[in-house]
Amino acid sequence: MIHDIGEYVKYLDGVHKRTMQYMKAIPDELLDWRTSEDKFSIGDLLRHIASSRLMFLGIFEHGSWTYAGHDISKGASLEDISNYLESCQVKLTEGFLKIGDDVLSKKVLTLHGHEVSAWRILMSIPEHEIHHRGQISSYLQMNKIEPPQIFGLKIEQVKTL
């Protein structure tokens with residue numbers, strides 16, 4: 001359970017910074033690459049991560065789930081998408097800090113209308129981002145690009161027993 005919104009925001013900032021490291025590995029020509037026509041492109045995934053931050057914040061600020069979309073108007077270039085990601089992260093963290101610790105003891109509605117403890121939704125925010133960052137990692141590898149090592153080492157570099 002989360003007990004301090006400030007500590008939670010610091011954790012989210014770390015997740016965000018690692019996602020931004022992935023931005024640096026994406027060449028411009030792969031921004032619209034997707035596994036098939038019915039799947040998100042790399043650009044769609046990044047815009048989706050950003051817009052989802054605002055959606056999650058809206059649950060706590062307004063009590064409703066509203067998604068701004070992930071269309072190209074949210075950023076057509078890597079630089080534009082990077083700016084959108086940064087802007088949404090600032091809004092999310094400032095919004096949580098403004099709401100404060102009181103939110104941690106409240107109940108909120110899921111997308112399906114079930115009431116749950118707010119901390120459960122808070123935990124789904126990084127889970128959601130990490131899920132999509134994993135997709136980006138796979139997309140990069142499918143295109144013969146090594147994704148960043150988020151903790152500095154590949155598993156093969158860790159001492160085994």
message: Could you go through Phe40 and His48, starting from their C-alpha distance and side-chain angles, then the distance that decides it, and tell me whether this counts as side-chain contact (heavy atoms from CB on, under 4.5 Å)?
response: CA-CA 9 Å; Phe40 279 5; His48 173 70; 3.6 Å; yes
message: Do Met20 and Glu86 make a side-chain contact, defined as non-hydrogen atoms from C-beta onward lying under 4.5 Å apart?
response: yes
field: Glu7: salt bridge (charged side-chain N to carboxylate O under 4.0 Å, His left out) partners, not counting sequence neighbours
entry: Lys10
message: Restricting to non-hydrogen atoms, name the atom on Leu45 and the atom on Gln135 that form the minimum distance, rounded to 0.1 Å.
response: CD2-OE1, 3.3 Å
query: Any link between Ile49 and Leu54 through a network of hydrophobic side chains (Ile, Leu, Val, Met, Phe, Trp, Tyr) touching at under 4.5 Å?
result: no
field: Cluster link Tyr11 to Ile99, ILVMFWY, side chain under 4.5 Å
entry: no
statement: Sequence neighbours excluded, the answer for side chain to side chain contact (heavy atoms under 4.5 Å, CB included) partners of Thr160 is none
query: So which heavy atom on Pro148 is nearest to which on Gln21, and how close?
result: CG-O, 3.6 Å
task: Look up atom CD in Glu29 and atom CD1 in Ile42, then write down how far apart they are to the nearest 0.5 Å.
output: 10.0 Å
- request: Determine, stepwise, if the pair Ile130 / Thr19 fulfils side-chain contact (heavy atoms from CB on, under 4.5 Å).
  value: CA-CA 8 Å; Ile130 292 164; Thr19 298; over 6 Å; no
field: Nearest atoms (heavy-atom pairs only) where Ile121 meets Val108
entry: CG1-CG2, 3.5 Å
- request: Answer yes or no: is there a donor N or O on one side and an acceptor on the other, between the side chain of Ser41 and the main chain of Trp33, under 3.5 Å?
  value: no
- prompt: Roughly how far, to the nearest 0.5 Å, is the SG atom of Cys88 from the NE2 atom of His16?
  reply: 10.0 Å
- prompt: Just how far is it from atom CE of Met142 to atom CG of Leu30, taken to the nearest 0.5 Å?
  reply: 12.0 Å
Set of side chain to side chain contact (heavy atoms under 4.5 Å, CB included) partners for Asp71, sequence neighbours left out: Ser73, Lys74
- prompt: How far does NZ of Lys17 sit from CG of Asp13, to the nearest 0.5 angstrom?
  reply: 6.0 Å
Any residue meeting side chain to side chain contact (heavy atoms under 4.5 Å, CB included) with Lys39, in chain and number order, not counting sequence neighbours: Thr35, Ser36, Tyr139
query: Do you know which two heavy atoms are closest between Ala76 and Leu31, and how far apart they sit?
result: O-CD2, 3.2 Å
- prompt: Does some side-chain heavy atom of His132 sit less than 4.5 Å from a side-chain heavy atom of Leu46?
  reply: no
- prompt: Is there a donor-acceptor pair under 3.5 Å between the side chain of Arg133 and the backbone N or O of His128?
  reply: no
- prompt: Is there a side-chain contact (heavy atoms from CB on, under 4.5 Å) between Met55 and Ser51 once you walk through the steps?
  reply: CA-CA 6 Å; Met55 176 188 72; Ser51 290; over 6 Å; no
- request: Calculate, to the nearest 0.5 Å, the distance between atoms CG and OG1 belonging to Leu57 and Thr66 respectively.
  value: 11.0 Å
field: Pair listing, salt bridge (charged side-chain N to carboxylate O under 4.0 Å, His left out) test, anchored in residues 101-130, at least two apart
entry: Arg53-Glu129
field: Approximate separation, where rounding is to 0.5 Å, of Arg47 CZ and Ile72 CD1
entry: 5.5 Å
field: Under 3.5 Å: donor-acceptor pair, side chain of Asn143, backbone of Ile145
entry: no
- prompt: Between the main-chain N or O of Asp80 and the side-chain N or O of Asn83, is there a donor-acceptor pair closer than 3.5 Å?
  reply: no
query: Just wondering, are more than 12 heavy atoms of other shown residues or ligands nearer than 6.0 Å to CD in Gln141?
result: yes
Hphob cluster co-occupancy, Val116 + Met123, side-chain heavy atoms under 4.5 angstrom: yes
message: What verdict does the side-chain contact (heavy atoms from CB on, under 4.5 Å) test give for Ile136 and Ile26, after you've listed the backbone C-alpha separation in whole Å, the side-chain angles of each residue and the deciding distance to 0.1 Å?
response: CA-CA 9 Å; Ile136 293 167; Ile26 301 168; 4.2 Å; yes
message: Below 30° counts as parallel, above 60° as perpendicular, anything between as tilted: where do the rings of Trp65 and Phe56 land?
response: perpendicular
message: Tell me if a side-chain donor or acceptor on Ser117 pairs with a main-chain N or O of Trp119 at a distance below 3.5 Å.
response: no
field: Close side-chain approach of Ile125 to Phe96, heavy-atom, < 4.5 Å
entry: yes
Aromatic ring proximity Tyr8/His3, centre distance under 6.0 Å: no
- request: Answer whether the closest heavy-atom distance between the side chains of Leu122 and Leu104 falls below 4.5 Å.
  value: yes
- prompt: Residues two or more places apart in sequence or in another chain: which of them pass side chain to side chain contact (heavy atoms under 4.5 Å, CB included) with Glu37?
  reply: Arg34
Distance-minimising heavy-atom pair for Pro126 and Val15: CB-CG2, 4.2 Å
